[in-house]
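Structure first, commentary second.
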Amino acid sequence: MTGNGNDTTGERLNLRSRMFELTHLHPWIERLALRHRIPANTQFAMNLCLEEAISNIIRHGYSGDPDHSIVIWFTSPREDYFVFVVEDEAPPFNPVELPELPPLNSLEELAIGGQGVRLLRRFADALEYQATPTGNRLSIGFTVTGSAIAKN
Amino acid sequence: MPISTEELEGGITKVILEGRMDIEGAAAVDMRMNVIAGTKKAVIVDLQKVSFLGSMGLRALVAPARAIKGRGGKIVIFGPNELVEKVLKTSGVDTMIPIHHELQNAIAALQ
């Protein structure tokens with residue numbers, strides 16, 4: 001459980017469904033990190049997981065159509081816990097239950113995109129999916145202590 | 001994202017990447033990496049100064065690695081930080097492009 005329920009009160013970033021919009025993530029996370037004293041390792045995991053989640057939505061959820069929106073909410077339910085809620089209006093897609101591809105094991109396998117779910121699961125501390133009436137809501141949680149980064 | 005190269009003895013090329021290998025960083029180095037992949041046969045990718053690696057950055061490493069190996073060449077990664085290494089290992093890229101933390105070992109792996 002990410003522990004945020006449907007709480008989407010917090011800081012928000014609106015993106016269009018274009019890959020270059022991903023460049024807005026890093027400066028936004030840096031600002032949040034400064035404000036909420038988020039350690040560098042946790043910032044790394046946040047950047048990685050949001051890049052994965054959002055690029056999946058753009059490429060697969062919206063099939064590359066550039067005129068849709070993606071909204072990301074940031075909340076900090078407690079001092080050492082941070083949650084990003086990513087909402088889209090794409091067809092239902094649940095990365096939490098998606099089977100993981102095996103790790104790459106030869107140069108013939110170039111399905112790097114398929115490794116995104118694996119990275120998301122290894123670097124996030126909590127993932128929670130909800131289908132919404134208009135699309136999808138993915139909550140990605142990070143703890144500072146006992147972080148997934150330290151565990152693996 | 002800065003990218004530079006250094007020619008070492010034995011026909012080895014060291015490619016030095018610096019900064020964030022996110023979508024922007026990957027786009028910035030893609031063309032240069034492809035040129036290197038098409039012309040060099042023994043390549044060390046120096047990641048000591050790479051602070052972030054996402055899946056876009058992984059693509060920028062894997063595609064050239066495939067090209068180099070396809071031409072009978074060799075490629076290794078040198079000096080990633082702990083988190084960058086975790087991304088490489090989680091995705092399995094380390095099984096395709098070996099990781100070394102000592103330059104001498106990286107050079108030896110190419111000979």
Side-chain angles (χ1 to χ4, degrees), chain A residues 15 18-30 33 39-60 95 100-124 142 147-152, chain B residues 1 18-30 33-34 37 41 43 45 47 49-77 80-99:
Chain A
L15 300 177
R18 299 164 191 176
M19 291 301 270
F20 209 72
E21 292 275 290
L22 290 169
T23 57
H24 296 300
L25 282 176
H26 174 56
W28 184 54
I29 291 171
E30 269 198 330
N41 284 6
T42 310
Q43 285 181 58
F44 185 106
M46 290 171 168
N47 272 292
L48 184 76
C49 292
L50 286 178
E51 182 184 280
E52 293 305 332
I54 292 160
S55 62
N56 267 336
I57 293 167
I58 295 170
R59 284 180 293 143
H60 304 301
E100 273 182 15
L101 287 181
L104 296 175
N105 54 21
S106 85
L107 282 176
E108 299 311 310
E109 288 187 63
L110 277 173
I112 291 288
Q115 301 300 323
V117 172
R118 175 187 301 279
L119 291 169
L120 197 57
R121 288 176 184 162
R122 297 298 187 281
F123 279 82
F142 301 89
S147 157
I149 305 162
K151 282 185 290 194
N152 294 296
Chain B
M1 174 175 194
E18 195 172 334
R20 296 176 51 79
M21 288 278 281
D22 53 12
I23 186 168
E24 208 170 5
V29 301
D30 247 355
M33 287 295 286
N34 286 333
K41 289 192 85 171
V43 176
V45 183
L47 297 185
K49 293 180 180 170
V50 168
S51 58
F52 175 78
L53 178 65
S55 66
M56 303 299 158
L58 284 174
R59 286 170 198 268
L61 295 177
V62 170
R66 183 189 188 194
I68 290 166
K69 289 201 170 188
R71 292 188 302 105
K74 290 181 178 177
I75 179 168
V76 297
I77 287 170
N81 73 30
E82 189 186 347
L83 290 171
V84 168
E85 184 165 354
K86 185 181 169 189
V87 173
L88 292 166
K89 288 184 169 176
T90 301
S91 57
V93 167
D94 63 316
T95 64
M96 302 157 50
I97 316 174
I99 298 170

Identify the heavy atoms of B/G54 and A/E51 that sit nearest to each other, and give their distance. CA-OE2, 3.4 Å
Between B/K86 and A/R122 the two heavy atoms that sit nearest each other are NZ-O, 3.4 Å
Distance, nearest 0.5 Å, that separates CE of B/M56 from CG of A/L22: 6.0 Å
How many angstroms lie between CG in A/L119 and CG in B/L53, if you round to the nearest 0.5 Å? 8.5 Å
For A/M19 and B/I23 the tightest heavy-atom approach is O-CD1, 3.3 Å
Can you list the residues that meet the side-chain contact (heavy atoms from CB on, under 4.5 Å) rule with B/N81, with sequence neighbours excluded? B/L83, B/V84
Kindly indicate whether the side chain of A/H26, heavy atoms from C-beta on, has any atom under 4.5 Å from the side chain of B/E24. no
How many angstroms lie between atom OG of B/S55 and atom CG of A/N56, to the nearest 0.5 angstrom? 8.0 Å
Sequence-distant partners of B/E18, salt bridge (charged side-chain N to carboxylate O under 4.0 Å, His left out), two or more places apart: none
State, to 0.1 Å, how close B/V87 and A/F123 come at their nearest heavy-atom pair, and which atoms those are. CG2-CZ, 3.6 Å
Measure the CD-OG distance between A/Q43 and B/S51 for me, rounded to the nearest 0.5 Å. 10.5 Å
